[in-house]
Amino acid sequence: MSVSAFSKLLVSSSAHGAAPAAGARRSLRVLLCMRAPVGGLFRHVLDLAGELSVRGHAVGIVVDSSTADPLTAARLAAIAPSLTLGIHPVAMDRMPGVGDFAASRAVLAVAKKLDVDVLHGHGAKGGAYARLAGALLRDKDKRPAVFYTPHGGSLHYKRGSLESHIFLSIEKIFSLMSSGLIFESDYARRAYEGLVGAGSVPVCVIPNGVKSEDFEPCLPAPDAADFLFVGELREIKGVDVLLKALAILNQPRRVTAVIVGAGPEAAVLKSLASELGLDGRVVFPGAMPARKAFRLGRCLVVPSRAESFPYVVLEAGAAGLPVIATNVGGIPEMVVGTACKLIEPANVRQLSEAMSEALDAPERAHSRAGELREMVARKFTVATMTDAVIDFYFAALAV
């Protein structure tokens, strides 16, 4: 696809982002609730909040007051002027506990004060607080519509443990308090229904989207490594598999990688890299924004053992960066219709072969990257995502 044709495709995909015209739907008062302001969930909430505001809706955010860093603070400060309902920090514990009672009351107080039409919880804790608040507000004449988007984490529970039994039992009760469930992938929908049950609550699959600026070219730096990982350093992300694959690559030159991110397995992974003889070939620069990280590598590797609908694949696709990813979660839904090949999770040999192919045939890798970029522009934009969310909101409010 030519540059001009691709630009027209982007303009068409973003055309829905204009403010509503006279006679359009009424403005909604929307409160988005989440716990941890990190990762893809955080980006999703900020993107949705910003785009809802552009459409003329009044938006507020409830967020955990105890989980923050300078980058988080900067992102919240940047969007704050567009949020007419404000940003409301509330102390939220990661694990269930007595602190949940105080957090629930705080969210209820915010929702009541703002007189919201829509409560939309994101992630397990955000979903719990939003639905509890919505249930308590239903005694009033105005009944807010209450929505829940799991965002993956709660979908990885395995049946059989006491923890999962408690969580799933609570989730079944909460589902009855929902006006609708929104999933970012069909995989997430199937996983939720398999764990919690289908029930009678309206369900909608609305994929995550990226912004027009994500499609700006992001060329690798002259000293960029051969491969790049961007994400949390924990077992589920499969960085250990990437390191083992890198160690067995048989190339005439030293193959290099940059592991961008932070997390509980950072020390373990650095130790593993040394044990595999990768000192000098692999660096761990810490966490940084994805766009900045993309310049550090020539091919993104997503070796996850499990995922929901990872933003990093959409972001890399939009930036035109070649991607090697595992066949997990919603990733197959991102690449369907393209020549992008997915590998099985935790398969070191298969990953090393895919990495070797990317090194030996860079033209083929970039051709696949171009196809993925076009697919992302057609299907996975913030404007398209927000259109669908608004439609779902109004469908519930009309009932």
Side-chain angles (χ1 to χ4, degrees), residues 30-54 59-95 99-100 102-103 106-107 110 114 119-130 149-154 184 208-211 213-214 218 229-234 236-237 259-266 284-296 307-316 318-319 382 385-386:
V30 181
L31 184 63
L32 306 175
C33 182
M34 62 179 166
R35 190 190 71 83
V38 295
L41 185 157
F42 185 42
R43 166 162 185 170
H44 175 89
V45 171
L46 291 192
D47 285 349
L48 178 59
E51 193 71 10
L52 286 170
S53 297
V54 168
V59 183
I61 293 177
V62 175
V63 63
D64 179 27
S65 61
S66 60
T67 307
D69 55 36
L71 182 58
T72 294
R75 288 175 173 171
L76 288 173
I79 197 173
S82 65
L83 301 180
T84 57
L85 300 187
I87 297 174
H88 306 271
V90 171
M92 302 179 186
D93 296 328
R94 181 177 181 275
M95 300 302 294
D100 289 332
V107 174
V110 173
L114 297 177
L119 269 164
H120 189 165
H122 295 264
K125 278 299 182 77
Y129 298 147
T149 301
H151 288 283
S154 60
E184 68 270 35
N208 294 332
V210 290
K211 297 181 177 180
E213 52 262 38
D214 289 305
C218 189
F229 169 87
V230 181
E232 289 185 86
L233 302 186
R234 55 193 182 105
I236 200 172
K237 295 297 183 178
I259 310 298
V260 173
E265 299 294 318
F284 293 79
M288 66 182 73
R291 288 283 299 184
K292 181 178 179 180
F294 288 164
R295 285 184 47 79
L296 303 181
E307 285 286 357
S308 179
F309 203 77
Y311 264 103
V312 71
V313 176
L314 294 181
E315 292 170 319
V382 171
M385 175 187 80
T386 307

*Asks:* Let me see the working for F229 and V312 under side chain to side chain contact (heavy atoms under 4.5 Å, CB included), right down to the final yes or no.
*Replies:* CA-CA 10 Å; F229 169 87; V312 71; over 6 Å; no
*Asks:* Identify the heavy atoms of S53 and V59 that sit nearest to each other, and give their distance.
*Replies:* OG-CG2, 3.7 Å
*Asks:* Does the side chain of E184 come within less than 4.5 Å of L41's, by heavy atoms?
*Replies:*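 Not touching, per the 4.5 Å side-chain cut-off.
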*Asks:* Kindly determine whether M92 and S66 satisfy side chain to side chain contact (heavy atoms under 4.5 Å, CB included), including the steps that lead there.
*Replies:* CA-CA 7 Å; M92 302 179 186; S66 60; 5.9 Å; no
*Asks:* Under the side-chain hydrogen bond (donor to acceptor under 3.5 Å, both in side chains) rule, collect the residues that match up with E232, sequence neighbours excluded.
*Replies:* R234
*Asks:* Please report the closest heavy-atom contact between I61 and A49, naming both atoms and the distance.
*Replies:* CD1-CB, 4.0 Å
*Asks:* Short question: side chain of N208, backbone of Y311 - any donor-acceptor pair under 3.5 Å?
*Replies:*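 Checked: no pair found.
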*Asks:* When L32 is tested against each of L119, L48, V62 for side chain to side chain contact (heavy atoms under 4.5 Å, CB included), which residue passes?
*Replies:*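 Checked L119, L48, V62 against L32; only one passes side chain to side chain contact (heavy atoms under 4.5 Å, CB included): L48.
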*Asks:* Mind checking side-chain hydrogen bond (donor to acceptor under 3.5 Å, both in side chains) for T149 and listing every partner two or more places apart, or none if nothing turns up?
*Replies:* H120
*Asks:* Over 60° means perpendicular and under 30° means parallel, so classify the ring planes of H44 and H122, tilted if in between.
*Replies:* tilted
*Asks:* What donor-acceptor contacts under 3.5 angstrom involve side-chain atoms of residues 286-294, with partners at least two apart or in another chain?
*Replies:*
unit_1	atom_1	unit_2	atom_2	d
R291	NH1	D214	O	3.1
R291	NH1	E216	O	2.9
R291	NH2	E216	O	3.0

*Asks:* Distance-only criterion, 3.5 Å: show the donor-acceptor pairs between side-chain atoms of residues 79-91 and protein atoms not counting sequence neighbours.
*Replies:*
unit_1	atom_1	unit_2	atom_2	d
S82	OG	I79	O	2.8
H88	NE2	L85	O	2.7

*Asks:* Tell me every residue that passes side-chain hydrogen bond (donor to acceptor under 3.5 Å, both in side chains) with D100, counting only those two or more places apart in sequence or in another chain.
*Replies:* K125, Y129
*Asks:* Run the side chain to side chain contact (heavy atoms under 4.5 Å, CB included) check on H151 and M34 step by step: do they pass?
*Replies:* CA-CA 11 Å; H151 288 283; M34 62 179 166; over 6 Å; no
*Asks:* Is the closest side-chain heavy-atom distance between M385 and E51 below 4.5 Å?
*Replies:*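 Contact flag for M385/E51 side chains = no.
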*Asks:* With sequence neighbours excluded, what pairs up with F309 under the ring-ring contact (aromatic ring centres under 6.0 Å, His included) test?
*Replies:* F380
*Asks:* Which heavy atom of P285 sits nearest to which heavy atom of V260, and what is that distance?
*Replies:*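 In this case the closest contact between P285 and V260 is CG-CG2, 3.9 Å.
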*Asks:* Looking at every non-hydrogen atom in both residues, tell me the closest pair between G99 and D93 and how far apart they are.
*Replies:*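 Minimum heavy-atom contact is CA-OD2, 3.7 Å.
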*Asks:* Shortest non-hydrogen contact from A318 to V210?
*Replies:*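 Heavy-atom minimum between the residues: CB-CG2, 4.2 Å.
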